[in-house]
K.L.:
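For reference, the structure I am asking about is given below.
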2 protein chains.
Amino acid sequence: MSYTPPRRLNSMALKRLVTEVGRSRYATLADALREHVLRGEWPPGVAIPSEQTLAADHGVALGTLRRALELLVDDGLIERIHGRGTFVRTGISGATMLRFFRFRTDQGDVPTSRILSRKRVVAPPDVASRLGSGRGDEVLHLVRVRSLAGAPCLLEHSWLPLPQFKALASGATEAWGDLLYPLYAERCGVRVHRALEEIRFDSLSASNARYLGVPAGHPCALITRTAFDLVGNCIEVRKTRGDAHAFEYTITLT
Amino acid sequence: MSYTPPRRLNSMALKRLVTEVGRSRYATLADALREHVLRGEWPPGVAIPSEQTLAADHGVALGTLRRALELLVDDGLIERIHGRGTFVRTGISGATMLRFFRFRTDQGDVPTSRILSRKRVVAPPDVASRLGSGRGDEVLHLVRVRSLAGAPCLLEHSWLPLPQFKALASGATEAWGDLLYPLYAERCGVRVHRALEEIRFDSLSASNARYLGVPAGHPCALITRTAFDLVGNCIEVRKTRGDAHAFEYTITLT
DNA sequence: AAGTGGTCTAGACCACTCT
DNA sequence: GAGTGGTCTAGACCACTTG
């Protein structure tokens, strides 16, 4: 990895914090800072002003400012790096569907991806409601198989809103690579910041089963991911299916 | 709710913090305080000494002490209540298996419980390894059905280490009530502090299927919970099975 | 050497809970 | 009113990253 010195933003206009009754100073401050991020004034990957600067600009003590930033860190909105600065996060990590399955192979590998189908369609009702689009709106529908060591293991259906993703509606899909989120970022300027995943058990339709090399009606785990950007707009609905017998997921309660 | 004034512990012997190199003061302090809890010197439900007292006893500033306590709060070890004090937590909450299933009924209800079987057995190998007991050790095996509105929905197998749970090995099971964890606490003095839950997909054996009123081989979700006490000893292994079609679980990614 | 975030202090004042 | 935890300040010093 080559080193790129962080671009740094200038101090903002001095704007003293307006005190809200019954609300802590750091909570109000956190909201103010969050607004800056959501409005895109502090783009991802760029260092925001330093603690000292922000504290002075808002007329609060350092400790108070730090508590505000801690809230945003817990939100997953920003990231602090000792000695370098504070950065707006560029997207979620650890989003691999593989964490739901145990497939016996060399672990740590990204499964390869092959696009089977790409079409403009009218979104099915449940997908449309998750996307927040109107009935009858056209969306981009992708189907792809993901394989490990040449063996197909996951079948993924994705629905993407148009015209936001129109850059993906044409052109060769062979060069897309194995991951979609980097593609979304590069070609469409869209970053996934938060996602909801629903797990269910289902059985495979004849057409879906064919791609995974199992008989129709075979039991599968179905993971429906609804992905959102920074502002909270739905960006993608994805349904991933894999052999139910390979499914395994662990939760820690405290 | 009637009010019970919190019992409060006396100040501990003054013991200045031994500085460890390369480690923050509050982290070392947190470990020291954690030890007090684990050794049982600060029992659950009792208020531990106040911020002022603890800070003075360990020779640190208030802010430093507060950071240490924050770590323990994040651990789920203690709980702070404004104006009342700081308390050792008594056990995990939200441990209901119902959160994995959608059963169409009046929600918020605790499912009723009926014990089908209670025996001393040699634990099956996978259970023994989770319990951390030796091969051939006897454990207490419980089987119970849980029902909502009279309809059986979950089948639970539990394995409990002996002699720790010998108080449950005899006597009428009819009066046990619908929840096991309160029973563990009252009769055996055992509290569940942390738990690991593994979700898998399975199909019901003939004997298991009968109790749920479905045909043998019916698909089911299998949740294996391994529960631990404060100190980290395994307390219970529980396998819960429910209709796979009723299974639904949601995760938020950030 | 300069700039960043991380730790720690010592104090003031506030909000909440209970006697 | 006395005691608890929660907020906020203003400062010192440290550890880490870079030029």
Side-chain angles (χ1 to χ4, degrees), chain A residues 1-11 16-31 33 42 46-74 78-89, chain B residues 1-11 16-31 33 42 46-74 78-89:
Chain A
M1 280 291 213
S2 70
Y3 167 71
T4 319
R7 282 189 292 143
R8 187 168 295 279
L9 293 161
N10 293 329
S11 161
R16 292 214 147 230
L17 202 60
V18 180
T19 318
E20 293 180 32
V21 290
R23 193 103 191 290
S24 62
R25 237 168 148 87
Y26 67 83
T28 344
L29 181 49
D31 286 349
L33 299 173
W42 291 341
V46 180
I48 74 174
S50 74
E51 295 186 332
Q52 294 284 355
T53 312
L54 287 174
D57 285 355
H58 290 90
V60 299
L62 250 178
T64 306
L65 180 103
R66 287 180 63 80
R67 292 210 55 180
L69 289 184
E70 271 166 36
L71 289 183
L72 301 190
V73 169
D74 293 346
I78 62 173
E79 193 175 7
R80 314 200 69 189
I81 305 178
H82 194 170
R84 298 223 321 141
T86 302
F87 302 81
V88 176
R89 284 189 50 192
Chain B
M1 284 288 216
S2 71
Y3 167 71
T4 319
R7 281 189 293 142
R8 188 168 295 276
L9 293 161
N10 293 328
S11 163
R16 292 213 148 231
L17 202 60
V18 180
T19 318
E20 293 180 31
V21 290
R23 193 103 190 292
S24 62
R25 238 168 148 87
Y26 68 81
T28 340
L29 181 49
D31 285 349
L33 299 173
W42 291 340
V46 179
I48 74 174
S50 72
E51 294 186 334
Q52 295 283 355
T53 312
L54 288 174
D57 285 356
H58 290 90
V60 298
L62 250 178
T64 306
L65 180 103
R66 289 180 62 79
R67 291 209 57 178
L69 289 184
E70 272 167 34
L71 289 183
L72 301 189
V73 169
D74 293 344
I78 63 173
E79 194 175 8
R80 314 200 70 190
I81 305 178
H82 195 170
R84 299 222 322 140
T86 301
F87 303 82
V88 176
R89 285 189 50 192

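Chain identifiers are assigned alphabetically (A, B, ...) following the order of the sequence lines, protein sequences preceding nucleic acid strands; residue numbering begins at 1 within each chain. The model shown is predicted, which means the values in this text are computed figures rather than measured ones.
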K.L.:
Nearest whole Å is fine: how far is D:dG6 C1' from B:Arg84 CZ?
P.N.:
17 Å

K.L.:
Closer than 4.0 Å, any side-chain N/O of A:Ser50 to the OP1 or OP2 of C:dG3?
P.N.:
no

K.L.:
Please answer whether D:dA15 and A:His82 are stacked, defined here as ring centres separated by less than 5.5 Å and planes angled under 30°.
P.N.:
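It does: the two rings, one from A:His82 and one from D:dA15, meet the stacking criterion.
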
K.L.:
Mind calculating the distance between CG (A:Leu69) and C1' (C:dG5) to the nearest angstrom?
P.N.:
10 Å

K.L.:
Measure CG/A:Leu65 against P/C:dG6 and give the value in whole Å, please.
P.N.:
11 Å

K.L.:
Between B:Gly83 and B:Arg67, which is nearer to the 5' end of DNA chain C once each is assigned its nearest nucleotide?
P.N.:
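Checking each residue's closest nucleotide, the 5'-ward one belongs to B:Arg67.
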
K.L.:
Let me know the distance between CZ of B:Arg80 and P of C:dA15, rounded to the nearest Å.
P.N.:
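Atom-to-atom, B:Arg80 to C:dA15, this comes out as 18 Å.
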
K.L.:
Indicate, with a heavy-atom threshold strictly under 4.0 Å, whether B:Ile81 touches base, sugar-phosphate, or nothing.
P.N.:
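Sugar-phosphate contact only.
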
K.L.:
Which atoms form the tightest heavy-atom contact between A:Ala68 and A:Leu29, and what is the distance?
P.N.:
CB-CG, 3.9 Å

K.L.:
Send over the distance from A:Gln52 CD to D:dT9 P, rounded to a whole Å.
P.N.:
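Rounding to the nearest Å, CD of A:Gln52 and P of D:dT9 are 14 Å apart.
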
K.L.:
Would you kindly give the OH-to-P distance between B:Tyr26 and D:dA15, to the nearest whole Å?
P.N.:
14 Å

K.L.:
Just N and O in the side chain of B:Arg66: are any of them under 4.0 Å from OP1 or OP2 of D:dG5?
P.N.:
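Negative; the distance criterion is not met.
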
K.L.:
In whole angstroms, how far is the P atom of C:dC8 from the CZ atom of B:Arg25?
P.N.:
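It works out to 7 Å between those atoms.
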
K.L.:
Please list, chain by chain and in numerical order, all residues satisfying side chain to side chain contact (heavy atoms under 4.5 Å, CB included) with A:Glu79, sequence neighbours excluded.
P.N.:
A:Arg89

K.L.:
Atom CD1 in B:Ile78, atom CG in B:Leu72: separation rounded to 0.5 Å?
P.N.:
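B:Ile78 CD1 to B:Leu72 CG: 4.5 Å, rounded to 0.5 Å.
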
K.L.:
Measuring from atom OG1 of B:Thr64 to atom CG of B:Leu69, what distance do you get when rounded to the nearest 0.5 angstrom?
P.N.:
11.0 Å

K.L.:
Round to the nearest Å and state the distance from B:Leu71 atom CG to C:dG6 atom C1'.
P.N.:
14 Å

